[in-house]
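First comes the structure, then the notes that go with it.
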2 protein chains.
Amino acid sequence: MVVQNIKFHPNSSNLSSNVYSQLRLKLITGDLKPGEPLSIRRLANEYNYSAMPVREALRQLASEDALVGAAKKAYRVPDLSSEEASKLFYVRAALEGASAEIAAKKVLKKDVKYLKSLSLSMDFAWKKNDSSSFLEQNFLFHSYIYSMAQNPVLERMAENLYIRTGPWLAQGIKNLSNSNVWEKSHDGIIKALSEKNSVLARKLIEEDSSWGKQLYQTDV
Amino acid sequence: MVVQNIKFHPNSSNLSSNVYSQLRLKLITGDLKPGEPLSIRRLANEYNYSAMPVREALRQLASEDALVGAAKKAYRVPDLSSEEASKLFYVRAALEGASAEIAAKKVLKKDVKYLKSLSLSMDFAWKKNDSSSFLEQNFLFHSYIYSMAQNPVLERMAENLYIRTGPWLAQGIKNLSNSNVWEKSHDGIIKALSEKNSVLARKLIEEDSSWGKQLYQTDV
DNA sequence: TCATAGATACTGTGATCACAGTTATCTTAT
DNA sequence: ATAAGATAACTGTGATCACAGTATCTATGA
């Protein structure tokens, strides 16, 4: 697996951050479904940790709205209404667009190379029907574009929004039979970036980003 | 004091969230300065809580980048470089601008009324040299505009960015003698909103938002 | 048969202790 | 007087227990 490739938070030093990273990944790959409850003790047992690191990880994710937690009730993966999901995708598209526009002005050859390799991996995973790997690499693709803008603030917020759309993307992908619209979309984005066409890059990323939005569309 | 007026997180049910809210407020009002260390035990003692709720609050704030925490070292208020601060203000301006643009299309009479009252309170606090109250109400002013856009995702992110610029605004305000540029600025924003002029509202908010930016400017 | 009350097995939250790494201070040797 | 080294006072982290709400399931009533 490619799990280790994902560069999440710096603090791999403590258990709490381990749990945090692993849960984040599970949100992206669709291992956690909308509405699914997460019990501290159950997870602690599963990871062979004590309850302490797990609860801190859950609280942390909840503070980022990647999970929800009511008082004295189990934490859950948010089960958004169509309207809420739509708003989420809206903001994500805005931030991804902004990232892409800046990225296009700073793009290097190695960047294009890396994005192409990711696109290939995704194609591979797709043909193998490995949706988990596919989704993970899709995250890496988008995440890399955020990072190209070289604004850590922007990058982190865009990543957060991606995580939160994760369970919805994972769900949406299954209804997608085997048309590979995404491949054309990503190729177009890479091309626009490599040509430093910032306007086009923004436009295409915004479209790609709201690819999932249309599945839950009810107009903002 | 107006502290209770600030609508932070829903969970006022547990101690952890209490600490969280209070620290957020302190970031806004300039009670916490850039680089200042925050000790779990010290705070626990100060609030007469155990260490547990405090540590969770600190971790939560750290997860939002409102604080920083290295391994086994005290949590601290981020001490940003000029460049980092500048990038922070950049993203904040972008999100505030987007909020204002949407808000202008949805504005109601009561909104204008409320914003005007806030502006008056700020003027009052300013003349009394009560910078703490001034800064708190300035947050409420901006925060209310985020909320007008009726997109909770956008709202929360914009608030987060405001919190993070808090200590810098507080520091910048002291160098501002007694010119009341902010008053003209806010009056202009209110006017643009009340006329539903979304383009102008965005422009003015962006300017007001980067008001602090120029203090630390080094070009993005 | 269905509804309702009660018991039981969950849930997160808070307190407290032990531990290990970091920082600061003070002493000692050069 | 200055620098280096030991020691003491910090720091966050993790484990474990007690507690109080919440949900679920079962038994008992009509």
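We use all heavy atoms of the structure for the numbers below, so side chains are in, but hydrogens, waters and symmetry mates are not. Below, read A as the first sequence line, B as the second, and so on, with proteins coming before strands; counting in each chain starts at 1. Keep in mind it's a predicted model, so treat the numbers as computed, not measured.
Separating the CG atom of B/L58 from the P atom of D/dT11 is a distance of 12 Å, rounded to the nearest angstrom. Rounded to an integer number of Å, the gap from B/R55 CZ to C/dG14 C1' is 11 Å. One interatomic measurement links the two molecules: CD of A/E56 to C1' of C/dT13, which rounds to 13 Å at whole-angstrom precision. Regarding B/L15, its CG atom lies at a distance of 13 Å from the P atom of D/dG21, rounded to whole Å. Straight-line distance from the CG atom of A/N18 to the C1' atom of D/dT13: 13 Å, rounded to whole Å.
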Heavy atoms under 4.0 Å is the rule here; annotate nucleotides 5-11 of chain C 5' to 3' with B where the base is hit, S where only the sugar-phosphate is, and - elsewhere. ------B
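In this structure A/K116 satisfies the side-chain contact (heavy atoms from CB on, under 4.5 Å) test together with A/V112, A/I190, sequence neighbours excluded. Not counting sequence neighbours, the partners of B/T165 by the side chain to side chain donor-acceptor pair (under 3.5 Å) test are B/R92. Residues passing the salt bridge (charged side-chain N to carboxylate O under 4.0 Å, His left out) test with A/K127 are A/D123, sequence neighbours excluded. In this view, A/E46 and A/K26 satisfy the salt bridge (charged side-chain N to carboxylate O under 4.0 Å, His left out) rule, not counting sequence neighbours. For A/S16, the side chain to side chain donor-acceptor pair (under 3.5 Å) test picks out B/R59, with sequence neighbours left out. Judged as a salt bridge (charged side-chain N to carboxylate O under 4.0 Å, His left out), and not counting sequence neighbours, the contacts of A/R55 are B/E56.
Here the side chain of B/N45 pairs no donor or acceptor atom with the backbone of B/R42 at under 3.5 angstrom.
In the region residues 44-52 of chain B, proximity to DNA chain C at under 4.0 angstrom, judged on heavy atoms, holds for B/S50, B/M52.
Listed by first then second residue, pairs satisfying ring-ring contact (aromatic ring centres under 6.0 Å, His included) with a partner in residues 99-118 of chain A read A/Y114-A/Y144, not counting sequence neighbours.
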